[in-house]
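See structure below.
All values below were derived from every heavy atom in this structure, side-chain atoms included, with hydrogens, water molecules and symmetry-related copies excluded.
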Amino acid sequence: LGLRPKRTLRLVLWTGEEQGGVGAEQYYQLHKENISNFDIVTESDAGTFRPSGLGFTGNAKARDIVKEIMTLMQPINATNVYDEAEGTDINYWMRDGVPGASLKGDLSKYFWFHHSQGDTMTVQDPNQMNLCAAVWTVVSYVIADMEEMLPR
């Protein structure tokens, strides 16, 4: 689409979450000196099932902004903003005041596959994966394109 947000979007994929979060901790240690440049940290670690919204950790003003952004997700019925974000990979940042968000969705089938030999791409529903990607795309772009960073 040729869209370019005002601020940089950074996607980080690391390993070691199941081994004590060593990847997230290492990334935090390497980048914490730039914490004032981090607008929001997000995590998607509960599968790629039909999304219902985001868990959010941050102050009331930031929460109001995220709630407004999530209204854009009305066509896919993923507008909820739940009380708290959670995730090993974003906890360090949130502890130090960076707003955080985690994807929430239908977990009814999560443990059918989680950490089993059946936990492969072949069990994924491409439509539900696309909905999850849509949530992150909209939220990330809108936050990165706002005039000001999310309040802390």
Side-chain angles (χ1 to χ4, degrees), residues 1-107 110 114-115 119 121 124 126-152:
L1 297 174
L3 299 174
R4 227 179 143 84
K6 292 175 178 68
R7 288 183 298 287
T8 301
L9 291 168
R10 184 181 293 181
L11 171 67
V12 181
L13 305 171
W14 52 67
T15 61
E17 191 249 355
E18 301 295 341
Q19 292 77 36
V22 295
E25 182 178 9
Q26 180 67 26
Y27 186 83
Y28 171 78
Q29 294 300 330
L30 291 171
H31 298 283
K32 65 182 178 182
E33 69 275 359
N34 296 317
I35 198 166
S36 64
N37 295 327
F38 283 72
D39 211 342
I40 188 170
V41 291
T42 63
E43 179 168 336
S44 188
D45 190 33
T48 52
F49 301 102
R50 174 172 283 286
S52 60
L54 296 177
F56 181 77
T57 296
N59 70 29
K61 283 182 84 172
R63 177 177 294 281
D64 288 343
I65 292 168
V66 170
K67 283 182 177 179
E68 184 68 25
I69 294 167
M70 293 306 290
T71 65
L72 298 170
M73 299 288 92
Q74 188 172 10
I76 64 169
N77 198 26
T79 59
N80 293 317
V81 178
Y82 300 96
D83 284 342
E84 293 189 25
E86 56 190 0
T88 303
D89 297 330
I90 60 176
N91 283 337
Y92 293 104
W93 302 95
M94 292 188 306
R95 178 196 66 206
D96 286 349
V98 177
S102 54
L103 188 66
K104 300 292 185 185
D106 176 11
L107 296 180
Y110 184 72
H114 180 67
H115 291 201
D119 196 350
M121 290 300 292
Q124 298 295 311
N127 295 320
Q128 290 184 23
M129 287 180 67
N130 286 341
L131 294 174
C132 293
V135 170
W136 285 129
T137 301
V138 170
V139 170
S140 300
Y141 181 85
V142 171
I143 290 174
D145 200 48
M146 294 185 333
E147 290 298 325
E148 304 288 329
M149 290 178 65
L150 285 175
R152 295 200 185 168

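- In this structure, the side chain to side chain contact (heavy atoms under 4.5 Å, CB included) partners of Q124, at least two apart in sequence or on a different chain, are T48, M121, M129.
- Applying the salt bridge (charged side-chain N to carboxylate O under 4.0 Å, His left out) test to pairs two or more places apart or on separate chains, those with a residue in residues 33-42 are R7-D39.
- Residues M94 and E43 have side chains not in contact (no heavy-atom distance under 4.5 Å, counting atoms from C-beta outward).
- With sequence neighbours excluded, the residues satisfying ring pair (Phe, Tyr, Trp, His ring centres under 6.0 Å) with Y92 are Y28.
- The two residues D106 and F49 have their closest heavy-atom pair at O-CB, 3.0 Å.
- Every residue two or more places apart in sequence or in another chain that forms a side chain to side chain contact (heavy atoms under 4.5 Å, CB included) with N127 is listed here: D125.
- Atom CZ of R63 has more than 12 neighbouring heavy atoms from other residues, nucleotides or ligands inside a 6.0 Å radius.
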Could you list the donor-acceptor pairs under 3.5 angstrom formed by side chains in residues 145-152, with sequence neighbours left out?
| from | atom 1 | to | atom 2 | distance (Å) |
| --- | --- | --- | --- | --- |
| D145 | OD1 | K6 | N | 3.1 |
| E147 | OE2 | K6 | NZ | 3.4 |
| R152 | NH1 | I35 | O | 3.4 |
| R152 | NH2 | I35 | O | 3.1 |
| R152 | NH2 | F38 | O | 2.1 |

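- Not counting sequence neighbours, the partners of S102 by the side chain to side chain contact (heavy atoms under 4.5 Å, CB included) test are A85, E86, K104.
- The CG atom of D96 sits 12.0 Å away from atom OG of S36, with the distance rounded to the nearest 0.5 Å.
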Quiz: residues 69-81 side-chain donor-acceptor pairs under 3.5 angstrom, not counting sequence neighbours:
| from | atom 1 | to | atom 2 | distance (Å) |
| --- | --- | --- | --- | --- |
| T71 | OG1 | E68 | O | 2.6 |
| N80 | ND2 | S52 | O | 3.3 |
| N80 | ND2 | Y82 | OH | 3.1 |

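- Heavy-atom neighbours of L3 CG from other residues, nucleotides or ligands within 6.0 Å: above the threshold of 12.
- Shown here are the side chain to side chain contact (heavy atoms under 4.5 Å, CB included) partners of Q29, two or more places apart in sequence or in another chain: E25, K32.
- Taking CG of L9 as the start and CD1 of I40 as the end, the distance is 11.0 Å to the nearest 0.5 Å.
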Please report, to 0.1 Å, the donor-acceptor pairs under 3.5 Å made by any side chain of residues 130-137, with sequence neighbours excluded.
| from | atom 1 | to | atom 2 | distance (Å) |
| --- | --- | --- | --- | --- |
| N130 | ND2 | P126 | O | 3.3 |
| T137 | OG1 | A133 | O | 2.7 |

